[in-house]
Amino acid sequence: MQNYLNNLKNQQLISDNLTLILNAIIKSGVEISTLLENAGIGNQNILGSAETENVQGETQKKLDVISNEIMQKNLLNLPCVAGIASEELDEPIINNNANLNGDSFFVLFDPLDGSSNIDINAPVGTIFSVLKNYKNNAKEISEQDFLQAGNQQVMAGYLMYSSSTQLVFTLQNPNFGVNAFTLNKKTGEFLINKANFQIPQDTKEFAINASNQRFWQPQIQEYFAELLQGTQGKRQKDFNMRWLAAMVADVHRVLSRGGVFLYPQDSKMQKKGLGGKLRLMYEANPMALLIKNAGGRAINGKENILDVTPEKLHQRIPVILGSKNEIDYIQEKFA
Ligand code: F6P
Ligand code: MN
């Protein structure tokens, strides 16, 4: 990994500061992965609920809170990190130790995505998005400065804690592509295992939580009905379904072999005044950049997710992403 990053630096594809940030995220990922592996043994008592709620009113798991603390500690140690924002923090934290004279950045993250999977030893992950800070006085930085559209992300990615721990990341420059690295647990080194993901343009696989069907918008109802009709309907092919209940793992599958992942708006969430289930700034945006740089697309229905101007840090959004031709097909239904 370090040789790989040095090569990128020599080609001026990644700056020293972004490399420091990526290394702090990698360090956090190794710590979180070790915690997860050992969570069920010993007397650490770190499984289960923390009996607290995050700003979104969701009950936090102990490991959500601990993973957040690990990311927070490692990132705020870096002078090039102007501030952080997290699913588990109500407000962003501005870094008092930051040096804002050179390039500095905001790191936004979901420290433990898919946390309902923790207690059943199923895949979970850490999602991150990096944006530039344009202010050189810490006192002037506010939540507003974090509210940049996804196409301004300078780096995005995730760590997935599954049968192996993998890092997948991309940079703003689409020529960089999307690459995956696997943690060698003996040496603590990440080794490249998949260079340049290319999502097939067509697919026969979809992922959606169909228990919400009766609450979906008509466009999604119509699309889903066509998928289920398979060869007997207008799509003229049979589809397969997968749902891992962790966005990281479902997106990893889409990157690896194509497919379409949907978490559409539904009337239950609408009644609560929510724009969708998934969070724009630290779930939808980073995944949308990865998918785009691997040749796929990510939309909220009508629009590209990466073009959406955020209004709030914890804003939610419908997410429909994956194989390009399938996303084009769905988008037409919203036209
Ligand atoms: O972060 C939200 C999340 O856990 C995603 O990782 C996942 O895709 C989704 O929610 C699962 O939702 P549901 O519980 O409705 O299946
Ligand atoms: Mn999540």
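Counting starts at 1 for both ligands and their atoms, in listed order. Counting begins at 1 with the first residue of the sequence. The shown structure was predicted, so the numbers you read here are calculated from the model rather than taken from an experiment.
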Review point. Is there a side-chain contact between Glu205 and Phe239 (heavy atoms, below 4.5 Å)?
Key: no

**Study point:** Candidate with minimal heavy-atom separation from atom 14 (O) of ligand 1, of Glu283, Lys277, Glu87
**Key:** Lys277

Check your understanding: Name of the Asp113 N, O or S atom nearest the Mn ion (ligand 2)?
Key -> OD1

Point to revise | Close-contact set for ligand 1 against Gly114 heavy atoms, below 4.0 Å | key: 4 (O), 6 (O)

**Study point:** Non-hydrogen side-chain atoms of Ile84 and Met71 separated by less than 4.5 Å
**Key:** no

Check your understanding: Under 4.0 Å between a Lys/Arg side-chain N and an Asp/Glu carboxylate O for Arg242 and Asp250?
Key -> no

Check your understanding: Which ligand 1 atoms, with their elements, are less than 4.0 angstrom from a heavy-atom of Ala246?
Key -> 6 (O), 8 (O)

Check your understanding: Under the 3.5 angstrom rule, does the side chain of Asn17 hit a backbone N or O of Asp103 as a donor-acceptor pair?
Key -> yes

Study note, to complete from the structure: In Asp110, the N/O/S atom nearest the Mn ion (ligand 2) carries the name OD2

Check your understanding: Under 4.0 angstrom from ligand 1, any heavy atom of Ser116?
Key -> no

Review point. Which heavy atom of the protein is the closest neighbour of atom 15 (O) of ligand 1, given with residue, atom name and distance?
Key: Tyr263 OH, 2.5 Å

Practice item. Would you indicate whether the side-chain heavy atoms of Glu87 and Asp64 approach each other to under 4.5 Å? Key: no

Review point. Taking the side chain as C-beta and beyond, is there a heavy-atom pair between Val168 and Phe197 under 4.5 Å?
Key: yes

**Study point:** Name of whichever N/O/S atom of Glu283 is nearest to the Mn ion (ligand 2)
**Key:** OE2

**Study point:** Lys/Arg cation over aromatic Tyr329: Arg235, 6.0 Å, 45° cone
**Key:** yes

Review point. What atoms of ligand 1 come closer than 4.0 angstrom to any heavy atom of Trp243?
Key: 11 (C), 16 (O)

Check your understanding: Less than 3.5 Å between some nitrogen or oxygen of Asp250 and one of ligand 1, yes or no?
Key -> no

Practice item. Please say whether Asp113 places an N or O atom under 3.5 Å from an N or O atom belonging to ligand 1. Key: yes

Study note, to complete from the structure: Here the atoms of ligand 1 under 4.0 Å from any heavy atom belonging to Arg279 are 1 (O), 2 (C)

Practice item. Note the single closest protein heavy atom to atom 13 (P) of ligand 1, along with its residue, its atom name and the distance in Å. Key: Asn209 ND2, 3.5 Å

Exercise for review: Flag the pair Ile192 / Met1 as yes when at least one side-chain heavy-atom distance between them is below 4.5 Å, and no otherwise.
Suggested key: no

Revision key, fill the gap. Going by the 4.0 angstrom heavy-atom rule, the piece of Leu278 near ligand 1 is side chain

Practice item. Please confirm whether Met247 comes within less than 3.5 Å of ligand 1 when only nitrogen or oxygen atoms on both sides are compared. Key: yes

Review point. Are the aromatic rings of Phe146 and Tyr282 close, with centres under 6.0 Å apart?
Key: no

Point to revise | Between Arg214 and Gln221: side-chain donor-acceptor atoms closer than 3.5 Å | key: no

